[in-house]
Amino acid sequence: MNLLRFNKEKIYVPLDYETCNLNLVLESMQAPWQLGWEVYKGESILESHEDWIWWDDLNSKMGEEAARITGFDYYLYKSKAKPALPIWENVNKHINNPNAIIISANGINFDTYIHGIYAKLLGIKPDYSWAARHYDIQTVHKAKFLGYSIPPIGGDEWIFFNIKMSEIRQKGLKSSLKHLCETLGIPYDEERHHKNALYDVELTMHCFLKQIKTIDIYEQ
């Protein structure tokens with residue numbers, strides 16, 4: 001097993017979706033309209049993307065609360081959005097890179113599902129095999145706070161660990177991206193959070209890099 005902090009050649013793909021409805025159960029009213037994502041080799045950034053994803057019926061699906069939180073503006077969206085399939089193909093080739101670790105903040109409970117819905121909207125069967133390479137900064141923070149052992153990334157034990165940690169709710173346990181930034185000494189702008197997917201990605205990556213320097217995270 002390799003200690004992640006010493007692997008300067010490792011590929012990381014942090015990502016964050018903004019979507020049109022806060023209720024994940026209502027898939028018929030769900031669609032990701034913005035995707036921020038980057039590609040890193042160690043701590044060096046190779047690519048940075050803020051994709052606005054075009055759907056013909058997005059305006060009719062947009063929930064009032066989701067629009068408020070994300071600052072959604074249809075006319076801005078219409079001017080910036082690009083066809084959905086090429087965006088999907090571009091990000092998915094990086095997600096499916098077997099040597100890449102996918103990084104998120106609350107991705108276990110949100111972005112994983114949105115990525116699957118994105119596939120369904122394109123008529124593509126969702127593939128969740130990358131779950132064994134998915135690092136959620138919030139589940140790792142919970143484990144450290146609660147004193148849980150953290151298994152190596154890359155197998156079923158890691159998947160089960162993420163699911164278990166994501167379901168834990170208890171008094172005094174905070175794991176929001178805002179809280180992690182404050183805890184780790186990362187500058188945080190409330191006005192940009194959730195309104196700019198790429199900004200959220202940058203915060204998530206900063207948190208990740210600080211976590212692996214202080215927590216022993218191994219890869220199989």
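Since the model is a prediction, treat every value here as computed from it, not as a measurement. We're numbering straight along the sequence, starting at 1. Note that these values count all heavy atoms, side chains included, but never hydrogens, waters or copies made by symmetry.
Note on ring orientation: taking the six-membered ring where Trp is involved, the planes of Tyr17 and Tyr118 are perpendicular (angle over 60°, cut-offs 30° and 60°). The aromatic rings of His141 and His179 stand perpendicular to each other, their planes meeting at an angle above 60°, with 30° marking the opposite boundary. Below 30°, between 30° and 60°, or above 60°: for Tyr74 and Tyr77 the angle between ring planes is between 30° and 60°, a tilted geometry.
Side-chain N or O atoms of Ser104 include none that pairs as donor or acceptor with a backbone N or O of Leu15 at under 3.5 Å. Proximity of a side-chain donor or acceptor of Asp51 to a complementary backbone N or O of Ile53 within less than 3.5 Å is not detected. Under the 3.5 Å distance criterion, the side-chain polar atoms of Glu47 are left unmatched by any main-chain donor or acceptor of Val39.
The nearest pair of heavy atoms linking Trp158 to Pro151 is CE3-O, 3.3 Å. A pairwise comparison of heavy atoms in Ile163 and Ser166 identifies O-OG, 2.8 Å as the closest pair. Closest of all the heavy-atom pairs between Asn7 and Tyr12 is O-OH, 4.3 Å. Of all the heavy atoms in Asp136 and Asn106, the pair that sits closest is OD1-N, 3.0 Å. Minimum heavy-atom separation, Pro126 to Gly116: CG-O, 3.6 Å. Here the closest heavy-atom approach between residue Cys20 and residue Gln30 is recorded as N-OE1, 3.6 Å.
Thr139 is not listed as a side-chain neighbour of Tyr148, based on a closest heavy-atom distance of 4.5 Å or more. Considering only heavy atoms from C-beta on, Trp54 stays 4.5 Å or farther from Ile87 through its side chain. Within the 4.5 Å cutoff, no side-chain heavy atoms of Lys82 are placed close to those of Trp52. Residues Val13 and Trp130 are not in side-chain contact: their nearest non-hydrogen atoms beyond the backbone lie 4.5 Å or more apart. Residues Pro32 and Glu18 are not in side-chain contact: their nearest non-hydrogen atoms beyond the backbone lie 4.5 Å or more apart. For the pair Lys10/Asn2, no side-chain contact is recorded, criterion being any heavy-atom separation below 4.5 Å from C-beta on. Phe72 places none of its side-chain heavy atoms less than 4.5 Å from the side chain of Glu64. Put simply, the side chain of Leu209 reaches to within 4.5 Å of the side chain of Glu43, judged on heavy atoms.
Surrounding OH of Tyr113 are at most 12 heavy atoms belonging to other residues, nucleotides or ligands under 6.0 Å away. Residue Lys8 places its NZ atom among more than 12 non-hydrogen atoms of other residues, nucleotides or ligands, all under 6.0 Å distant.
Here Tyr188 pairs with His193 under the ring-ring contact (aromatic ring centres under 6.0 Å, His included) rule; sequence neighbours left out.
His206 contributes atom NE2, which lies 8.5 Å from atom SG of Cys181 (distance to the nearest 0.5 angstrom). We find the CG-CH2 distance between Asp16 and Trp37 to be 14.0 Å, quoted to the nearest 0.5 Å. Taking CD1 of Ile108 as the reference point, atom CD of Glu167 lies at 10.5 Å (rounded to 0.5 Å). If you take CD1 on Ile159 and OH on Tyr128, they are separated by 13.0 Å, rounding to the nearest 0.5 Å. In this structure, the separation between NZ on Lys142 and CZ on Phe161 is 10.5 Å, given to the nearest 0.5 Å. Summarising the geometry, atom CD1 belonging to Ile137 is positioned 12.5 Å from atom NZ belonging to Lys210; distances are rounded to the nearest 0.5 Å.
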Full working for salt bridge (Lys or Arg N to Asp or Glu O under 4.0 Å) between Arg5 and Asp216: CA-CA 8 Å; Arg5 72 171 68 101; Asp216 289 344; 2.8 Å; yes
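By the criterion of side-chain heavy atoms lying less than 4.5 angstrom apart, applied directly or through intervening Ile, Leu, Val, Met, Phe, Trp or Tyr residues, Phe6 is grouped together with Met1 in one hydrophobic cluster. One hydrophobic cluster, built from ILVMFWY side chains closer than 4.5 Å, cannot hold both Tyr218 and Tyr135; they sit in different ones.
Each of Leu177, Leu180, Leu203, Thr204 was checked for a side chain to side chain contact (heavy atoms under 4.5 Å, CB included) with Ile186, and the lone residue meeting it is Leu203. Residue Leu198 forms a side chain to side chain contact (heavy atoms under 4.5 Å, CB included) with just one option from Gln34, Glu38, His49, and that option is Glu38.
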